[in-house]
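Reading through the structure tokens given below for one structure.
In this text the structure is predicted, and so the values were computed from the model without any measurement. Numbered from 1 within each chain, the chains take letters A, B, ... in sequence-line order. Side chains are part of it too, since the values below use all heavy atoms of this structure and drop only hydrogens, waters and symmetry mates.
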2 protein chains.
Amino acid sequence: MTDDLLTVGQVADHLGVTVRTLHHYDEIGLVVPSARSRAGYRLYTEADLLRLQHVVVYRRLGLPLEEIGTILADGADSDTVVEHLRRQREAVTHRVAELTELVTAIDRALEAEMNDYAISREEQRELFGDGFDDGYAAEAEERWGDTDAWAQSQQRAKSYRKEQWQQIKEEGDAVNARFVELMDAGVDAGSEQAMDAAEAARQQICTWFYDCPRPMHAAIAEMYVTDPRFTKTYEDVAPGLAQYVRDAVVANAGRG
Amino acid sequence: MTDDLLTVGQVADHLGVTVRTLHHYDEIGLVVPSARSRAGYRLYTEADLLRLQHVVVYRRLGLPLEEIGTILADGADSDTVVEHLRRQREAVTHRVAELTELVTAIDRALEAEMNDYAISREEQRELFGDGFDDGYAAEAEERWGDTDAWAQSQQRAKSYRKEQWQQIKEEGDAVNARFVELMDAGVDAGSEQAMDAAEAARQQICTWFYDCPRPMHAAIAEMYVTDPRFTKTYEDVAPGLAQYVRDAVVANAGRG
DNA sequence: GCTTGACCCTCACGGGACGTGAGGCACCAG
DNA sequence: CTGGTGCCTCACGTCCCGTGAGGGTCAAGC
């Protein structure tokens, strides 16, 4: 039970790495199996697996193998295991925060494109450039290209041509016109009708762009009044529209 | 204004890539600057920058350059720009979901370590193994190792030794004892006192492990009753404790 | 006992995405 | 006209494996 030694293939299956990877880790001394069979087969113990698991997680974060080695070299007792987990947690959440930032950057770019607002280089830089102050830290690993979700999104995007784009713009204009109409009529931004218009706007985003739940929609609407660029595109349609739309969207997000 | 051509260095600064990278993209024909100066300097137009920006975002997601090339090759009008942004958004959120999963896996492992519960290989596999069904998709890019945040967390983790670990366990036992005491006394899990105990437990996590806001704590507490392993570790202390702690934590999360 | 797979071994070369000089023009400031 | 900085083109180095080539090993079945 405790002397349950595994061969490369089994270990590879368990932890989702390739045999070659295990060979490599052995070669460079990162994870050296504690035993070998008479025939020279690598045999991994429980402890080896634990170490390997840490390596795999660190690797997923993109740390170079050498650094992983030095990290793991600082002892291997029970308490340092917790240390590793703590660090790993921190590193992963940090990465998540970065990517989330990237998503909002993309959202802004989408908004800009939707409103036919060509953003300048300076703004691009602000959005994408070195938004990730320290490491713009590209994440690599090739196999990502043929992921299921990726293939899906690629396929879905295929059915999306010029006349449809035209339609999107028309729908958008219609929604905006509706907002202007309501605003000019003095209808409150928190009213049923305004909320309906907001809901229509949201539906449009869901249909054409991406799944956008109400809270997310509200967050985006905040940009209408906080980001001068978007404020401008709405104010150009009608003065006061940015605030009005924002309020309506927020109100709409508030109802069940 | 429109014929505002930039050299490699300027472009590199703007988009946060290296000059060498731009050379490489030129070499393989991925992003070829539209012009050259008499002296042979690469000169990038606005359109070049737009293309490059998409490349950079895709690259951050870890797509291989070749694939990026074919993606960008399907036309380059205004509407396909939106398509790219849509895809990029989807891809990034997908990645965020993956990493978030990884975080909860780490949380579980941390919980297990905290309770001195050594998880089996089978469970490790479940947690870390191929949780990412298709591509375990390691994210690479070396430079990550010497990120500020990383160095920080590494340094912070240094001050964390064996006697402290002992202290952590004692504190944990104390909190659990408090829970048992309350439960045995028939005090309601939603009571002030039980919530105080829950808050103490949360503070302990914050202090020793990671920043854990109340809602997150509640999510973790759910595991006490849904994950048999954790249920067991609490039930072993006292029958009914898992449910009691879970309820107290949830109640505590509910108060301001 | 012999064959057939599935699995393991050790070289060893390849490849993607750049890093890192080396050697040499280009351009502007003083 | 002399630095200093920025750009150019080779061209080799690196990291993390992928991908054979050539060959042993092991349990199972005939």
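- Taking 4.0 angstrom as the limit, Y25(A) places none of its side-chain polar atoms (N or O) nearer than this to OP1 or OP2 of dC16(D).
- In this structure, R36(A) reaches the sugar-phosphate backbone alone: every heavy-atom distance under 4.0 Å involves primed, P, OP1 or OP2 atoms, never a base.
- With the nearest nucleotide of DNA chain D identified for both D26(B) and E27(A), D26(B) has the one nearer the 5' end.
- The side chain of H23(A) places an N or O atom within less than 4.0 Å of a non-bridging phosphate oxygen (OP1 or OP2) of dC9(C).
- V19(B) comes within contact range of no nucleotide atom at all, as no heavy-atom separation falls under 4.0 Å.
- In this model, the phosphate group of dC9(C) is approached by a side-chain N or O of R42(A) to a distance below 4.0 Å at OP1 or OP2.
- Of the listed nucleotides (dC8(D), dT10(C), dC16(D)), dC16(D) has the atom at the smallest distance from the side chain of R59(A).
- Comparing E66(B) and S37(B), the nucleotide of DNA chain C nearest to each residue sits closer to the 5' end for E66(B).
- Phosphate contact (OP1/OP2 of dG18(D), side-chain N/O of T18(A), threshold under 4.0 Å): present.
- Annotation: side chain of H54(B) is in contact with side chain of L72(B) (closest heavy-atom distance under 4.5 Å).
- For R20(A), counting side-chain heavy atoms from C-beta on, the closest listed nucleotide (dC8(D), dC18(C), dT19(D)) is dT19(D).
- Side-chain contact check for V31(A) versus D26(A): every heavy-atom pair is 4.5 Å or farther apart.
- Proximity note for L65(B) (side chain, C-beta onward) versus dA17(C), dT10(C), dC8(D): the nearest is dA17(C).
- Closest contact between the side chain of H24(B) and the listed nucleotides dG19(C), dC7(C), dC18(C) involves dC18(C).
- The side chain of A39(A) has dT25(D) as its nearest neighbour among dT25(D), dC16(D), dT9(D).
- Of all nucleotides listed (dC8(C), dG18(D), dC7(D)), dC8(C) comes nearest to the side chain of V8(A).
- One N or O on the side chain of Q10(B) and one on the backbone of T7(B) form a donor-acceptor pair closer than 3.5 Å.
- Using a 4.5 Å heavy-atom threshold, the side chains of V19(A) and V11(A) count as separate.
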